[in-house]
Each structure stands twice: as structure tokens, then as C-alpha cells.
Amino acid sequence: AYPAGPGGRVPDRRPVVTDWSLTDADMWDVPLLAGMIGDWVRETGWMPVLHSREEDECFVAGLLQTHVVRVARRSTDRLAFLARQGGKVQALHVASAARGQGIGRALLDEVKAVEAKVELWTFQANARALAFYERAGFHEAKRTDGIGNDEGLPDVCLIWSKVP
């Protein structure tokens with residue numbers, strides 16, 4: 001569980017959830033993590049649905065081969081996951097029922113504890129994610145018109161760096 005951030009303060013003054021843990025992902029997690037991605041895409045009105053559930057599973061299985069993938073789990077539930085290569089975050093998804101409980105922040109803080117710089121991309125239309133990353137200390141590095149992503153949606157690169 002993740003009870004407090006650096007200096008002993010609780011992130012964002014949200015309720016601390018202590019009945020979950022962060023572990024490495026394995027192949028048994030693939031369908032549940034892929035479902036988390038697909039559910040978010042399908043519940044987000046501005047996101048085009050480009051991939052089937054099977055394609056989402058192939059994507060997640062590929063992440064397990066090339067990235068460090070950490071999962072927040074409670075019993076048999078998967079609450080969130082983060083995939084990264086070094087300080088480059090490829091994916092961070094939190095199940096809708098688990099949002100606002102500090103789980104995404106705990107996953108990010110785990111990366112920030114071992115990397116001097118963390119970089120990630122999100123869509124410009126994703127106001128909730130942009131606010132979340134700003135609260136976590138990220139700043140905007142650049143914006144694009146979406147030419148480099150599958151969805152063709154304007155996106156933004158965000159960076160966090162350790163203060164020396």
C-alpha cells in the first residue's frame with residue numbers, strides 16, 4: 001500500500017487506500033489490463049475506437065516483453081497499471097472505480113523514486129490526465145497536432161525531473 005508521499009504527506013489530500021499492493025504484471029494480467037484500456041477508450045467520447053479487445057490484449061502482452069509493467073491489485077482485481085522503459089512511461093491506466101484514490105500517483109511515484117527524469121504523452125483533450133500530471137509535478141515540454149499517434153489526436157509531452 002502507499003500511505004504517504006515524500007516527507008510523509010498524503011498526495012492530493014485524498015483518502016488513503018491501503019488494501020491494495022503494487023506488483024509486477026504477468027501474463028495472467030493481460031486480459032484484465034487490456035480490458036482497462038478498452039473500457040477507457042469506449043467510455044471516452046472523443047477517443048476513436050481503433051482496436052478490438054484482442055488487439056488490446058496483444059498490445060499489453062507486447063508491453064510485458066519490452067517494458068517494466070507494474071500493477072495495482074486488490075485480491076483478484078486489477079485497479080491500475082503503468083508500463084515504462086526507464087523513465088519513459090508508455091501507459092498509465094486506472095480503472096474507473098479506482099480513480100481518485102491515489103493509486104495512479106503511487107505508480108508514478110514509484111517511477112519517480114528510481115528515475116531522474118520521467119517523460120510521458122497524453123492527449124490534449126484529456127483534461128483529467130493533464131490536471132493529474134500537473135499535480136504530480138510534470139510540466140509541458142511540447143505539443144503536436146497528432147501526426148505521430150495512431151488516433152491522429154493532438155497530444156502533449158509532459159516531463160518531470162528531480163530537483164537537485
Inset, instruction - Mind checking side-chain contact (heavy atoms from CB on, under 4.5 Å) for Ala141 and listing every partner two or more places apart, or none if nothing turns up? - result: Cys157, Ile159
So if you build clusters from Ile, Leu, Val, Met, Phe, Trp, Tyr with side-chain heavy-atom gaps below 4.5 Å, do [X] and [Y] land together?
X: Val111; Y: Phe81; result: no
X: Phe132; Y: Val118; result: yes
X: Val156; Y: Phe123; result: no
X: Val69; Y: Leu108; result: no
X: Ile103; Y: Val71; result: no

Inset, instruction - May I ask you to check whether Trp160 and Tyr133 place their ring centres under 6.0 Å from each other? - result: no
Inset, instruction - Sequence neighbours left out, what passes side-chain hydrogen bond (donor to acceptor under 3.5 Å, both in side chains) with Asp155? Give chain and number order. - result: Thr144, Asn149
Legend entry - Any residue meeting side-chain hydrogen bond (donor to acceptor under 3.5 Å, both in side chains) with Glu57, in chain and number order, not counting sequence neighbours: none
Which pairs would a plain distance check flag for residues 30-43, meaning a side-chain donor or acceptor within less than 3.5 Å of a matching protein atom at least two apart in sequence or in another chain?
residue, atom, partner, partner atom, Å
Asp39, OD1, Arg53, NH1, 3.0
Asp39, OD1, Arg53, NH2, 3.1
Trp40, NE1, Thr44, OG1, 3.4
Arg42, NH1, Gly38, O, 3.1
Arg42, NH2, His51, O, 3.1
Glu43, OE2, Arg99, NH1, 2.9
Glu43, OE2, Arg99, NH2, 3.1

Whether over 12 other heavy atoms sit under 6.0 Å from [X] [atom1]:
X: Glu134; atom1: CD; value: no
X: Trp28; atom1: CH2; value: no
X: Lys117; atom1: NZ; value: no

Quick check: do [X] and [Y] have side-chain heavy atoms less than 4.5 Å from each other?
X: Pro48; Y: Leu153; value: yes
X: Lys112; Y: Lys162; value: no
X: Asn126; Y: Arg128; value: yes
X: Leu158; Y: Glu140; value: yes

Inset, instruction - Show the numbers, then the answer: is there a side chain to side chain donor-acceptor pair (under 3.5 Å) between Arg73 and Ser21? - result: CA-CA 6 Å; Arg73 54 180 93 235; Ser21 61; 5.6 Å; no
Inset, instruction - Determine yes or no for a side-chain-to-main-chain donor-acceptor pair under 3.5 angstrom, with Arg70 supplying the side chain and Leu22 the backbone. - result: yes
Inset, instruction - Kindly say whether Ser52 contributes a backbone atom to a donor-acceptor pair with the side chain of Glu55 at under 3.5 angstrom? - result: yes
Can you give the donor-acceptor pairs under 3.5 Å from side chains of residues 82-95 to other protein atoms, not counting sequence neighbours?
residue, atom, partner, partner atom, Å
Arg84, NH1, Gly86, O, 2.7
Arg84, NH1, Glu115, OE2, 3.2
Gln85, NE2, Thr66, O, 2.9

Inset, instruction - Taking all heavy atoms of Asp150 and all of Leu50, pick out the closest pair and write down the distance. - result: O-CD1, 3.5 Å
Legend entry - For Phe59, ring-ring contact (aromatic ring centres under 6.0 Å, His included) partners two or more places apart: none
Legend entry - From CE (Met27) to CG (Leu64), nearest 0.5 Å: 6.0 Å
